[in-house]
Structure formats: structure tokens, C-alpha cells
Amino acid sequence: MLSPKPWKADAIIRLVLSVLVCVYAGSLVLSVQHYVSVGGKANPFLFYSLALAAFGGLAGTLVLVGRPWPPEAFARRLVGLMACAYVGLFLGLWVQQLSGITAEGVTIWRVVVASLSFQGAGLVLIARFLREHQIGWGQAFGFSDQRGKAMLLGALVAMIFLPIGWGLQQACAFVMTHLPHIQMEPEEQLPVRVLRVSLSWPGRITLGAAAILLAPVAEEILFRGILYPAVKQVGYPRIALWGAALLFAAVHANLVTFVPLTVLALVLTALYERTNNLLAPIIAHALFNALNFVTLFLIQEG
């Protein structure tokens, strides 16, 4: 049975908003890099001035969102937050337009920036979140509760679910390509596409580290460790279960993996409930990603 968590609603909202700001900042980093690499046509002074102003607005947003909002300072903080957020958002959109970047580029750099701006920044922000609650990582997520058993269960669940996940993905791909009035072409996830075109070992190691080490830890702590118990504890266990699972699948932005990832999220939540130790879903998630990564690598090499 999952133990109660001391999460504050306003702290969770500020955490989620901060993660979104970091993800958006990552897209700006990619835009600036693209402008530099292709020699953009926009006036350099205008482009870099807008980029600096956009990053400044996003930095200000992070600072204001990261602080607790006492009632007496709410109106002042809200005005400052809206000003910084709109500066960062709209100037950032202008920067992306001037850079000429598209969503079609498949590069290691793109995956690295996406991973660091979401999962990497998420871990940093979660550390701030825990400090605000004056609680350590182990106590917050039960890392010391029956550690060996939790890790073994996590590994077992990953190996059992792997063929199920593959089957669900194949079924979704079949439906997308054969069902009348749909006939959509299944699209591979960005890391998979990058691995297919990457021939360098440093690039492959980077992708593996992001998929096997960084993503499982950050995503499990955010979705299973924080969001799920927070919603469950206010009296909505079904919304917590399905909401966290659907959100987890949605952030991967891929239709063909949406159903498999939703089912995986439900399984990982049940595993967390069973063990009261977030190491169990983290190990299951990491091993699931590792087995997929190795399989894809072997198919590519063969």
C-alpha cells in the first residue's frame, strides 16, 4: 500500500509550470543552434537580441514560479509572472520563426537538448520541490523499503511486459494503416529515428544513457512519485491512475506508442502501490527501455 505523501497542491502546480518553461527553453536553444549552423537570414543583432530577451523572460518566469506565493504578495507576483511569461513566450516564437527551424531534423543534438530540458531539468526542479517540503529522496519515494524485493519485482515486470508492449504497438500500427477512414502512417519516436541514422558510438551511448538512465528516473518520480499520489490523496484515485497514465503516454508524442505506454504506466503504478518503493517502477521502466534499445540496435546491426 502506498504511504501518504506531504505534497502541497501549489508546489505541484509550480513544479509542472517550471518543467514546461524548461521544455520551451530547450526549443529556443535548438532554434539558436539551427540559426548558427545554417547561417540564418535574419539580422544577427535582431535575432540574438530577441533570443536574449526571450531567455531572460523565461528565467524570470522560473524564478517567480519557484517561490511560494504568500497571499499578501499574490497580486504583485502574478503581474510579474505574466509579464515575464509573455515576454518569453512571444519573443521565443519570433526567434523560432526567424531561425527557420523545422520539426523534421533528426540529430543527436536534438535528442540531448530535449532530454536535458525535460528530464534533466525535471530532476533539478524536483530537488527544489523536495527541499520546499523538507523531505529527502529516500523518505519521499520509499527507496529504502524492501529495496531488493522492489528491484527484483521491477525487473520481472519489465521482462513480462516487453512482449505485451511489442504486441500492443504492432496492433496499433496495424489499426492505423488498415482501418478505413484512418490509414495513418505510423511514425517512429524521435530517439528511435536518431538511433537508426546514428553510426557513431558516442551518439549511441548518449542515446542509451538518456533512454535508460535519465528518462526512467525523472519520469517515474514526476508521474508516479508526485502527480499520482497527489491526485489520489485528495479523493480521486481513478482520475489519478488514468490521468497520470494518459499524461505519461501523451508526453511521448507518438500515436503508435500511446496505447502501449498507457498500459505500461498503469502497470508501473500498480507496481508502486504494491511495493511502496519507487525503485520498482524505475527499474522496470529502465529495463524496458534498455531491452527495446538493445533489440533495435541488434536489428539495425543485423
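Quantities reported herein were computed from a predicted structural model and do not represent experimental measurements.
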query = Nearest 0.5 Å, what's the CZ-CG distance between F143 and L278?
reply = 5.0 Å

query = Taking the side chain as C-beta and beyond, is there a heavy-atom pair between T275 and L271 under 4.5 Å?
reply = yes

request  = Would you check if Y86 and L91 make a side-chain contact, meaning some heavy-atom pair closer than 4.5 Å?
outcome  = no

key: Single-linkage hydrophobic cluster, 4.5 Å side-chain cutoff, V95 and V36 together   = yes

message = Under a 3.5 Å distance rule, please check whether S115 uses its side chain to pair with a backbone N or O of A210 as donor and acceptor.
response = no

request  = Would you check, one step at a time, whether the test side-chain contact (heavy atoms from CB on, under 4.5 Å) holds for F55 with L50?
outcome  = CA-CA 9 Å; F55 281 120; L50 291 173; over 6 Å; no

message = I'd like to know if the side chain of R147 reaches the main chain of N277, judged simply by a donor and an acceptor atom lying under 3.5 Å from each other, with no hydrogens or angles considered.
response = no

query = Are L152 and M159 in one and the same hydrophobic cluster, where Ile, Leu, Val, Met, Phe, Trp and Tyr link if side-chain heavy atoms are under 4.5 Å apart?
reply = no

Nearest-0.5 Å distance that lies between atom OG1 in T262 and atom CG in L266 = 7.0 Å

inquiry  = Looking at every non-hydrogen atom in both residues, tell me the closest pair between V259 and C172 and how far apart they are.
reply    = CB-SG, 3.6 Å

query = Are more than 12 heavy atoms from other residues, nucleotides or ligands located less than 6.0 Å from atom CD of E72?
reply = yes

remark   = Rounding to 0.5 Å, atoms CG (L62) and CG (L81) come to a distance of 10.0 Å

message = List the residues meeting ring pair (Phe, Tyr, Trp, His ring centres under 6.0 Å) with F47, not counting sequence neighbours, and say none if there are none.
response = Y35

key: Beyond-backbone contact of M82 with R77, side-chain heavy atoms, under 4.5 angstrom   = no

key: Min side-chain heavy-atom separation I212-F288 under 4.5 Å   = no

ask   = Between S18 and R128, is any pair of side-chain heavy atoms under 4.5 Å apart?
value = yes

request  = Kindly say whether A140 contributes a backbone atom to a donor-acceptor pair with the side chain of K5 at under 3.5 angstrom?
outcome  = yes

task = Would you confirm whether H133, through its side chain, and K8, through its main-chain N or O, come within 3.5 Å as a donor-acceptor pair?
result = yes

task = Establish whether L46 and V38 are linked, either directly or via other cluster members, by ILVMFWY side-chain heavy-atom contacts under 4.5 Å.
result = no

query = If two hydrophobic side chains count as joined below 4.5 Å and joins carry through other members, does L168 share a cluster with V267?
reply = yes

W69 CH2: over 12 foreign heavy atoms closer than 6.0 Å = yes

query = Hey, what do you get for CG (L28) to CG (L58), rounding to the nearest 0.5 Å?
reply = 6.0 Å

key: Spacing of L15 atom CG and I126 atom CD1 [to the nearest 0.5 Å]   = 6.0 Å

query = Would the number of heavy atoms belonging to other residues, nucleotides or ligands and lying under 6.0 Å from CZ of R274 be above 12?
reply = no

request  = Would you please test R224 and E219 for salt bridge (charged side-chain N to carboxylate O under 4.0 Å, His left out) and show each step?
outcome  = CA-CA 8 Å; R224 248 69 62 191; E219 292 174 5; over 6 Å; no

request  = Quick one: which residue pairs count as a side chain to side chain donor-acceptor pair (under 3.5 Å) with a foot in residues 231-251, not counting sequence neighbours?
outcome  = K232-E273

task = Please answer whether the main-chain N or O of T269 pairs with a side-chain N or O of Y228 as donor and acceptor at a distance below 3.5 Å.
result = no

query = Would W166 end up clustered with V263 when hydrophobic side chains under 4.5 Å apart are linked, directly or stepwise?
reply = yes

request  = To the nearest 0.5 Å, tell me how far I135 CD1 sits from F129 CZ.
outcome  = 9.0 Å

inquiry  = Using side-chain heavy atoms (C-beta onward) and a distance below 4.5 Å, is L125 in contact with C22?
reply    = yes

ask   = Does the separation of the ring centres of H285 and F248 fall below 6.0 angstrom?
value = yes

key: Contacts of type ring pair (Phe, Tyr, Trp, His ring centres under 6.0 Å), residue W137, not counting sequence neighbours   = none

ask   = Under 4.5 Å between any side-chain heavy atoms of F118 and L222, yes or no?
value = yes

query = Does the side chain of N254 come within less than 4.5 Å of T257's, by heavy atoms?
reply = yes

